[in-house]
Amino acid sequence: MLHTSFIEIDRTAFKKNLQFIRKQVGEHPVISSVVKGNAYGHGIEQMVGIAENYGIRHFSTFSTDEAFRVFNTSTKKSQIMIMGMIDDESLPWIIDNGIGFYVFDFDRLSAAVKVAKQLGKRARIHVEIETGFHRTGFEWEEREDLLAAIEQNKGCLELQGLCTHYAGAESVANYVRVKAQIANYLEYKKWFNEHGISFRCYHSACSAASLSYPETIMDMVRIGIALYGFWPSQETYMANFKQLDADMKNPLKRLISWKSCIMSIKNVKMGSFIGYGNSYMAPRNLTIALIPIGYCHGFSRNLSNLGKVLIHGKILPVVGTVTMNAISVDITDLSKPKKGDEVVIIGKQKNNEITVASFSESIQQVNYELLTRLPADIPRKVKP
Ligand SMILES: *Cc1c(COP(=O)(O)O)cnc(C)c1O
């Protein structure tokens with residue numbers, strides 16, 4: 001093993017998550033697999049292969065670099081949609097290759113029109129409207145100018161989508177705001193229709209909206225976190241709990257495991273301090289294993305004296321501070337530990353499991369953040 005740890009991806013978990021989402025959203029909508037943030041840490045190349053294998057033909061990214069990776073990996077000519085950053089230099093590549101992209105201001109619209117004319121191709125645009133998220137999107141007050149710009153350039157635009165994003169559909173605290181957004185979206189949509197403009201695909205729902213606000217499910221849903229096997233929040237899970245089948249109370253399955261191995265073993269006398277500083281003093285004679293993962297690999301320094309790993313199926317504590325490249329784990333209670341033994345940082349071993357949530361809750365990170373912080377250079381292996 002060239003690297004000090006690896007990430008394992010379980011494709012059958014993806015299949016189950018997809019089946020669950022399909023059941024929730026019904027037969028009609030396209031499911032776009034959101035693969036921004038290196039596919040939520042899972043690896044874009046690995047996830048595109050898995051998703052296409054189970055029938056996904058639409059991917060959403062934040063930026064051009066991610067779209068480029070999807071494009072180069074896809075073997076099924078899947079549709080790609082960029083929801084965020086594009087610089088003008090990338091537009092020719094994007095339009096030439098039929099990549100869809102969000103248009104949320106007049107600058108981008110005119111840049112797209114210009115490049116589309118030069119190439120003699122149509123730009124596949126998704127018009128993003130402001131409904132209350134207040135990040136990007138055309139304001140209601142801009143509708144007349146937007147309509148005029150679209151009509152004037154109809155020949156070089158393919159009106160792929162009309163879209164918006166909700167400001168926190170994973171929490172009931174945002175209920176009023178999200179409901180207002182839904183109403184605003186529908187009003188904008190109606191206005192376009194009344195003025196003779198229709199879009200191929202209406203889409204607004206992320207995982208949380210799909211699960212908690214069924215009316216947001218339209219022609220396409222953009223699903224990230226749920227396809228990776230996580231509820232957007234504990235609250236979304238609770239809200240859905242009653243309607244879940246009795247024998248399938250957690251239909252979402254984690255794809256990811258993170259594994260390393262014991263690098264070395266050392267005996268430490270009672271009363272000695274372990275690692276930097278004096279945050280941990282051995283309360284008895286201890287056996288310590290050094291594991292070659294540290295904060296540079298995404299194992300947060302906040303997990304000093306708090307983190308847990310699995311070795312020989314036992315949950316064992318991190319002792320002392322998390323360093324850049326390594327952690328120390330108390331393995332005194334193992335019977336025959338040896339160098340090279342498997343260490344599970346996230347995942348199952350025998351009858352025990354360390355979930356991403358347990359891991360992230362102990363340091364108040366949400367699943368999304370922990371996953372996307374897993375460095376891209378840790379190898380990702382898809383379980384055969
Ligand atoms: C990230 C993102 C999604 C997917 O969100 P999940 O909560 O992971 O399902 C959908 N739409 C937009 C615009 C996004 O940025």
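The figures that follow rest on heavy atoms only: side chains count, while hydrogens, waters and symmetry mates do not. Ligands are counted one by one from 1 in listed order, and the atoms in each one are counted from 1 as well.
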Does Tyr40 have a non-hydrogen atom less than 4.0 Å from ligand 1?
-> yes
Does at least one non-hydrogen atom of Tyr368 fall below 4.0 angstrom from an atom of ligand 1?
-> yes
Over 60° means perpendicular and under 30° means parallel, so classify the ring planes of [Y] and [X], tilted if in between.
X: Trp191; Y: Trp140; value: perpendicular
X: Tyr188; Y: Phe192; value: parallel
X: Tyr228; Y: Tyr40; value: parallel

Report yes if some N/O of Gly224 lies less than 3.5 Å from some N/O of ligand 1; otherwise report no.
-> yes
Polar contact flag for Ile225 and ligand 1 (N/O pairs, less than 3.5 Å) | yes
Please identify which atoms of ligand 1 are closer than 4.0 Å to at least one heavy atom of Cys206.
-> 4 (C), 5 (O), 9 (O), 10 (C)
Here the atoms of ligand 1 under 4.0 Å from any heavy atom belonging to Met83 are 11 (N), 12 (C), 13 (C), 14 (C), 15 (O)
Just checking, Lys381 and Phe6: is the charged tip under 6.0 Å from the six-membered ring centre and within 45° of the axis?
-> yes
Steps toward side chain to side chain contact (heavy atoms under 4.5 Å, CB included) verdict (Leu186, Ile182) | CA-CA 6 Å; Leu186 293 175; Ile182 297 170; 4.2 Å; yes
Where is the nearest protein heavy atom to atom 9 (O) of ligand 1: which residue, which atom, and how far?
-> Ser207 OG, 2.5 Å
Can you tell me which residue and heavy atom of the protein come closest to atom 3 (C) of ligand 1, and the distance to 0.1 Å?
-> Lys36 NZ, 3.8 Å
Given that the side chain starts at C-beta and the backbone is N, CA, C, O, which of these parts of Arg222 lies under 4.0 Å from ligand 1, counting heavy atoms, or is it both or neither?
-> both
Verify, without hydrogens or angle tests, whether Asn153 (side chain) and Ala149 (backbone) share a donor-acceptor contact under 3.5 angstrom.
-> yes
Okay, side chain of Arg380, backbone of Gly41: is any donor-acceptor separation there less than 3.5 Å?
-> yes
